[in-house]
Number of protein chains: 2
Amino acid sequence: MGKPTVHDIAREAGVSLATVDRVLNDRAGVREKTVARVRDAVSRLGYVRDLSAANLARQRRYRFVFLLPDTTSQFLHALHDAVLEATAALQLDRCDIEVMHVSVGDPVALMAAFDRIEAAGIDGVAVMASETPVLRDRIGRLKTQDVAVVALITDQPNSERDHFVGIDNVAAGRTAAVLTGRFAGGREGKIGIVVNSMMARDMVERRIGFDRVMGEGFPNLTVLPTMEGRDDHAMTERVVGQFLDSNSDVIGIYCAGAGMRGLTKALEDRGLGDKLIVVAHDLTQHSRAALESGVIDVVINQNAGHIARSAARVLKAQCDGVDVIASQEKIRIEIVLRENLP
Amino acid sequence: MGKPTVHDIAREAGVSLATVDRVLNDRAGVREKTVARVRDAVSRLGYVRDLSAANLARQRRYRFVFLLPDTTSQFLHALHDAVLEATAALQLDRCDIEVMHVSVGDPVALMAAFDRIEAAGIDGVAVMASETPVLRDRIGRLKTQDVAVVALITDQPNSERDHFVGIDNVAAGRTAAVLTGRFAGGREGKIGIVVNSMMARDMVERRIGFDRVMGEGFPNLTVLPTMEGRDDHAMTERVVGQFLDSNSDVIGIYCAGAGMRGLTKALEDRGLGDKLIVVAHDLTQHSRAALESGVIDVVINQNAGHIARSAARVLKAQCDGVDVIASQEKIRIEIVLRENLP
DNA sequence: GCGGATATGATTGACGTACCTCATTTTGCC
DNA sequence: GGCAAAATGAGGTACGTCAATCATATCCGC
């Protein structure tokens, strides 16, 4: 005998199909005692609702929104592409995904986006934005409307988001540090760090992890104060250039944030292309090229494709009230060398 | 208007539902001209068959077999667990997965397993076994029966398998080499290599990749002849022990195969636990512990969970005649340090 | 034990596809 | 032009679930 159906439940519980349906779909008008009888039959027979039949019957489509910053960076671009790819693939699974680019630093614009999401009756939202009280509250409000919410890249730890899709940035910083330290092989020297801005939580966390490992494991290396590139190539090039010109014994640079083109430019202009140990974040067109040419030694990557698919899967699972495979949804800190470039 | 249905196709093509059905399901008895008319309408309207409705109607279940070696190793154990986990998750997607453990070195037993698979009317097979002409032919025969076939871990490059789920072992060897070399930081010394057996293609490939990078990039390091551990802890411990005792200036070991427990035992017994650079393959309970304690420095991993899920997804896509997301099915060469342990 | 509210039953028609039967039309061939 | 074979049409039932209607049964307070 195959999987039990609603008919089997009805028979087993001694009620009619209509009542089973009312119970399964949480409709009113059933006595508690009867509800219990049905629930009992469900667990006794091990009934699981056939989701595809259910979705077919109710003509269901899942509507998700990916809320991304409107700033541009190669990583964001890659993420956007990855979401589009996932969108195409999930079309067959009744999912409609829309990408909204919003000035996430602007609370008014951000809230307006959420208003539109709420008004449109969206089933789930993946939001990438830095943590603010306003956003936290807004996520709470979405949850009261039964909208699934996942935090993307940057966690919203004190909010009611259902899930975080991204990496542990402290661990990423530690990973960058240990690679830098071991590649240095005992030599003494200085290490520079470039970030977008120390206002961003991810950057701070990476720096914390980096410093901790450096302090514990590599006393031969001196980590210098953070340079801020403000997401801008020219700016990054300038600060890194000044840094290189005024420090003679630099042996490595950790680029925890964007602006990588400025960094490589500064290095190449000084003929340091393959002299320094350079660890950077996120595999993009540019960092891939720099890895291949040897300007960058290691890329610490959070896989954009994996992130996009994972977010979509988690949102769908949340809507369906189904468990996810934890290990599949764990975003790994990928270490990419020229030799294991995908 | 929503997605087009078979009714729309029938109307658009000016034929009846029955004919559309015959065309879509490749049934006989339709003139070529009519087939073309229907196909035309399909592409004109952008019709895609609703797979869940179709599967519902035909009460379809996908039956897959994972054919794994009956030898035991921690990696195989992890893979087995991963397949079971995937099985549970895919239960909801109408997939029944069975794991068969077979003595893959024994052609008779292997062929018997294939016979059973063929007789049982299985929809797809994921096979992990070394490449032989017998196996190649058998895969070809399966393909004539419309059974989906993927090669697992070890490719069957000249067979008609639909897909290979695993890593590029030459690249893995290169990756191991560059990490060993850079961790050595210019020091001179000897590097030992441990494998199961040089009969296995994966081992040979890893060794090739390792040697090439070492030869090109690290003239300060001397790679010594391969030690064969034959998948056995005691054996591995003995050969590694002898190696360590008779070579004074060993600074690193690359463990390309199984038997890791023997390796770590040999190292620890000589107080070399954290003295040597040790690069090993595959994240298991044991290698995780060794990584945490510092005996092993790097694990090159092929993610068992990813492999199991990917194989199942590819088999299903093959049965459905659907494309896979290439980037999702690319098994990455993971570099695992203590700092980025998942 | 009556009346009104509340629970439950019985039934039906979707959803999009598969697959079957039987009738009818068209085709190819001599 | 006639005939068999092939192609097509028309229609129905099924898959498991949802959602609705309407009739009937059971409950509760008085």
Side-chain angles (χ1 to χ4, degrees), chain A residues 1-42 45-62 91-95 123 319-322, chain B residues 1-42 45-62 91-95 123 319-322:
Chain A
M1 199 186 85
K3 299 262 169 292
T5 74
V6 277
H7 294 84
D8 301 318
I9 300 299
R11 195 171 340 103
E12 177 80 10
V15 299
S16 77
L17 263 179
T19 301
V20 173
D21 181 66
R22 291 191 254 261
V23 172
L24 288 180
N25 294 292
D26 292 314
R27 273 187 270 276
V30 186
R31 249 179 315 174
E32 272 189 40
K33 220 179 67 186
T34 315
V35 172
R37 269 231 306 288
V38 173
R39 293 255 146 86
D40 219 57
V42 165
L45 296 186
Y47 167 82
V48 282
R49 151 208 260 120
D50 183 326
L51 260 180
S52 46
N55 286 338
L56 177 61
R58 72 165 69 162
Q59 294 258 76
R60 158 136 217 189
R61 303 232 17 128
Y62 301 84
Q91 207 60 18
L92 298 171
D93 289 340
R94 322 185 97 82
C95 291
D123 297 301
C319 291
D320 291 339
V322 163
Chain B
M1 200 185 88
K3 299 262 168 290
T5 74
V6 277
H7 294 83
D8 300 318
I9 301 300
R11 197 173 335 105
E12 176 80 10
V15 299
S16 77
L17 263 179
T19 301
V20 173
D21 181 66
R22 289 190 257 260
V23 172
L24 289 180
N25 295 292
D26 292 315
R27 273 187 269 277
V30 186
R31 248 178 317 172
E32 273 189 38
K33 220 179 65 186
T34 315
V35 172
R37 270 232 306 287
V38 173
R39 293 255 146 85
D40 219 56
V42 164
L45 297 186
Y47 167 83
V48 282
R49 163 208 250 114
D50 183 328
L51 259 180
S52 45
N55 286 339
L56 176 62
R58 71 164 68 160
Q59 294 258 74
R60 157 133 219 190
R61 302 226 27 121
Y62 301 85
Q91 207 62 21
L92 298 171
D93 289 339
R94 321 185 98 84
C95 292
D123 298 300
C319 291
D320 291 339
V322 163

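Below, read A as the first sequence line, B as the second, and so on, with proteins coming before strands; counting in each chain starts at 1. Fair warning: this is a prediction, and the values are worked out from it, not measured in the lab.
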**Student:** If I take atom CG in residue A:L24 and atom C1' in nucleotide D:dT17, what distance separates them, rounded to the nearest angstrom?
**Tutor:** 10 Å

**Student:** Send over the distance from A:L56 CG to D:dA19 P, rounded to a whole Å.
**Tutor:** 12 Å

**Student:** The test is side-chain hydrogen bond (donor to acceptor under 3.5 Å, both in side chains); show your working for A:N55 and A:Y62 and say whether it passes.
**Tutor:** CA-CA 10 Å; A:N55 286 338; A:Y62 301 84; 3.1 Å; yes

**Student:** Of the options D:dC18, D:dT17, C:dG9, whose atoms approach the side-chain atoms of A:R22 most closely?
**Tutor:**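 Comparing D:dC18, D:dT17, C:dG9 against the side chain of A:R22, the answer is C:dG9.
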
**Student:** Do the side-chain N and O atoms of A:R22 and A:T34 include a donor-acceptor pair separated by under 3.5 angstrom?
**Tutor:**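 No, no side-chain donor-acceptor pair sits under 3.5 Å.
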
**Student:** Looking only at side-chain atoms of A:Q59, point me to the closest of C:dC19, D:dT17, C:dC15.
**Tutor:**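 Of the options given, the side chain of A:Q59 lies nearest C:dC15.
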
**Student:** When the distance from CG of B:D26 to P of C:dC19 is rounded to whole Å, what number comes out?
**Tutor:** 12 Å

**Student:** CD of B:E32 versus P of D:dA6: gap in Å, rounded?
**Tutor:**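 In whole Å, D:dA6 P and B:E32 CD are 16 Å from each other.
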
**Student:** Assign B:D21 to base, sugar-phosphate, or nothing according to its heavy-atom contacts below 4.0 angstrom with the strands shown.
**Tutor:**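 The residue B:D21 makes base contact.
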
**Student:** Mind checking B:N25 for me? I need base, sugar-phosphate or nothing, with any heavy atom below 4.0 Å counting as a touch.
**Tutor:** sugar-phosphate

**Student:** Figure out the CZ/P separation between A:R27 and D:dA20, and round it to whole Å.
**Tutor:**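 The distance from CZ of A:R27 to P of D:dA20 comes to 7 Å, rounded to the nearest Å.
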
**Student:** Among C:dA18, D:dC27, D:dT17, which is the nearest nucleotide to the side chain of A:T5?
**Tutor:** D:dT17

**Student:** Distance-only, no hydrogens or angles: does the A:R94 side chain make a donor-acceptor pair with backbone N or O of A:R60 under 3.5 Å?
**Tutor:** yes

**Student:** Give one of base, sugar-phosphate or nothing for A:R49, where a contact means two heavy atoms less than 4.0 Å apart.
**Tutor:** sugar-phosphate

**Student:** Assign B:A18 to base, sugar-phosphate, or nothing according to its heavy-atom contacts below 4.0 angstrom with the strands shown.
**Tutor:** base

**Student:** Atom CZ of A:R61 and atom P of C:dG16: how far apart are they, to the nearest Å?
**Tutor:** 11 Å

**Student:** Is a salt bridge present between B:R39 and B:D26, judged by a nitrogen-to-oxygen distance below 4.0 Å?
**Tutor:** yes

**Student:** Taking only the side-chain heavy atoms of B:T34 (C-beta and beyond), determine which of C:dC19, D:dA7, D:dG16 contains the nearest atom.
**Tutor:**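 Of C:dC19, D:dA7, D:dG16, D:dA7 is nearest to the side chain of B:T34.
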
**Student:** Counting side-chain heavy atoms from CB outward, which of D:dT17, C:dA10, D:dA10 is closest to A:A54?
**Tutor:** D:dT17

**Student:** I need the NZ-C1' distance between B:K33 and D:dA7, as an integer number of Å.
**Tutor:**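 Roughly 11 Å, once rounded to whole Å.
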
**Student:** NE2 of A:H7 versus P of C:dA10: gap in Å, rounded?
**Tutor:** 12 Å

**Student:** Nearest 0.5 angstrom please: A:D8 CG to A:K3 NZ, how far?
**Tutor:** 12.0 Å

**Student:** Ignoring the backbone of A:T19, work out which of D:dT17, C:dT8, C:dA18 is nearest its side chain.
**Tutor:**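 For A:T19, the side-chain atoms sit closest to C:dT8.
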
**Student:** Want to settle it: does B:V30 or A:A53 sit nearer the 5' end of DNA chain D, counting the closest nucleotide to each?
**Tutor:** B:V30

**Student:** Out of D:dA10, D:dT17, C:dG16, which nucleotide sits closest to the side chain of B:S16?
**Tutor:** D:dA10

